[in-house]
*Asks:* 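Can you read through this structure? Questions will come right after.
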Amino acid sequence: MRHNYKGRKLGTDFAHTKAMKRSLVQALFLNDRIKTIESRAKEIRPDVDKIITWAKKGDLHSRRLAIAALGNDKELVREIFEKVEQGMFADRQGGYTRIMKLGNRKGDNAPMVIMELDIGRCQRRRRSRLPRRLLRRRSRLSRSPRPR
């Protein structure tokens, strides 16, 4: 029984799952975008968010926690902390990653995704000031007539 083991097993034993998650997180921070299976992407999302939150704190303890989480890669941690100090994720309180579905892989039909750091600023879609009935009428008028 798997009491007190949180998260997905990802088809391997615990040590291999932990190593796989660590290498996926490192690859995401190095390249800003990775292509992987959907379950793996969903599994590493909390780890990525945790590391960025530590970088936002910026103190020594947070830096050491990030080094431990990324497998003693001090240069990568330094780059992450510098980017966050420059205000990379300053306006966000979570949701630092984006997962876009690609479809299924050809060989084993596994659902593939692209996971990327959401670097761009999130802007809300501006609503038009016109009422809906006028918008509908405008779209109806702008259509070209159908050939019969």
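Quick note: residue numbers are just sequence positions, from 1.
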*Asks:* Would R22 and D47 pass as an ion pair if we require N to O under 4.0 Å?
*Replies:* no
*Asks:* When you look at I34 and I114, which way does the side-chain contact (heavy atoms from CB on, under 4.5 Å) test go after all the steps?
*Replies:* CA-CA 6 Å; I34 57 172; I114 289 180; over 6 Å; no
*Asks:* Drop me the distance from R33's CZ to R98's CZ, to the nearest 0.5 angstrom.
*Replies:*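 One gets 8.5 Å once the value is rounded to the nearest 0.5 Å.
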*Asks:* If we ignore hydrogens and angles and just use 3.5 Å, is the side chain of T97 paired with the main-chain N or O of E116 as donor and acceptor?
*Replies:*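 Checked: no pair found.
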*Asks:* Mind checking the CD1-CE spacing from I80 to M88? Nearest 0.5 Å is all I need.
*Replies:* 9.5 Å
*Asks:* For the residue pair T17 and R8, what are the closest heavy atoms and their distance?
*Replies:* CG2-O, 4.0 Å
*Asks:* Kindly say whether K101 contributes a backbone atom to a donor-acceptor pair with the side chain of E38 at under 3.5 angstrom?
*Replies:*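 No; zero donor-acceptor contacts below 3.5 Å.
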*Asks:* Walk me through it: do F81 and K57 pass the test side-chain contact (heavy atoms from CB on, under 4.5 Å)?
*Replies:* CA-CA 9 Å; F81 275 64; K57 282 185 185 177; over 6 Å; no
*Asks:* Output all residues satisfying salt bridge (charged side-chain N to carboxylate O under 4.0 Å, His left out) with D13, sequence neighbours left out; order by chain, then residue number.
*Replies:* none
*Asks:* For S62 and G58, indicate whether the former's side chain and the latter's backbone hold a donor-acceptor pair under 3.5 Å.
*Replies:* no
*Asks:* Are any of the side-chain heavy atoms of M115 and I44 separated by less than 4.5 Å?
*Replies:* yes
*Asks:* Identify the heavy atoms of F29 and L117 that sit nearest to each other, and give their distance.
*Replies:*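 F29 and L117 have their closest heavy atoms at CD2-CD1, 4.0 Å.
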*Asks:* So if you build clusters from Ile, Leu, Val, Met, Phe, Trp, Tyr with side-chain heavy-atom gaps below 4.5 Å, do M20 and F14 land together?
*Replies:* no
*Asks:* Taking C-beta and beyond as the side chain, do M112 and N104 meet within less than 4.5 Å on heavy atoms?
*Replies:*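 M112 does not reach N104 side chain to side chain.
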*Asks:* If you group Ile, Leu, Val, Met, Phe, Trp and Tyr by side-chain heavy-atom gaps below 4.5 Å, do L30 and L24 land in one group?
*Replies:* yes
*Asks:* Between E75 and R78, does any NZ, NE, NH1 or NH2 come within less than 4.0 Å of an OD or OE carboxylate oxygen?
*Replies:*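 The answer is yes: the pair qualifies as a salt bridge.
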*Asks:* Please name the pair of heavy atoms, one in F89 and one in I52, separated by the smallest distance, quoted to 0.1 Å.
*Replies:*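 It is CD1-CG2, 3.7 Å.
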*Asks:* Indicate, with yes or no, if I37 and V25 share a hydrophobic cluster defined by side-chain heavy-atom contacts under 4.5 Å among Ile, Leu, Val, Met, Phe, Trp and Tyr.
*Replies:* no
*Asks:* Tell me whether K74 contacts the main-chain N or O of I67 through its side chain, where contact means a donor paired with an acceptor under 3.5 Å.
*Replies:*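 Judged by distance alone, no pair lies under 3.5 Å.
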*Asks:* Going from OG on S23 to CD on Q26, what distance comes out if it is rounded to the nearest 0.5 angstrom?
*Replies:* 7.0 Å
*Asks:* Between I51 and V77, is the side-chain contact (heavy atoms from CB on, under 4.5 Å) condition met? List the steps.
*Replies:* CA-CA 9 Å; I51 291 169; V77 171; over 6 Å; no
*Asks:* Heavy atoms only: give me the nearest I99-A41 pair and the separation to one decimal.
*Replies:*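 Result for this residue pair: CD1-CB, 3.9 Å.
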*Asks:* Going by heavy atoms in the side chains, are V113 and K35 under 4.5 Å from each other?
*Replies:*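 Counting from C-beta outward, V113 and K35 never come under 4.5 Å.
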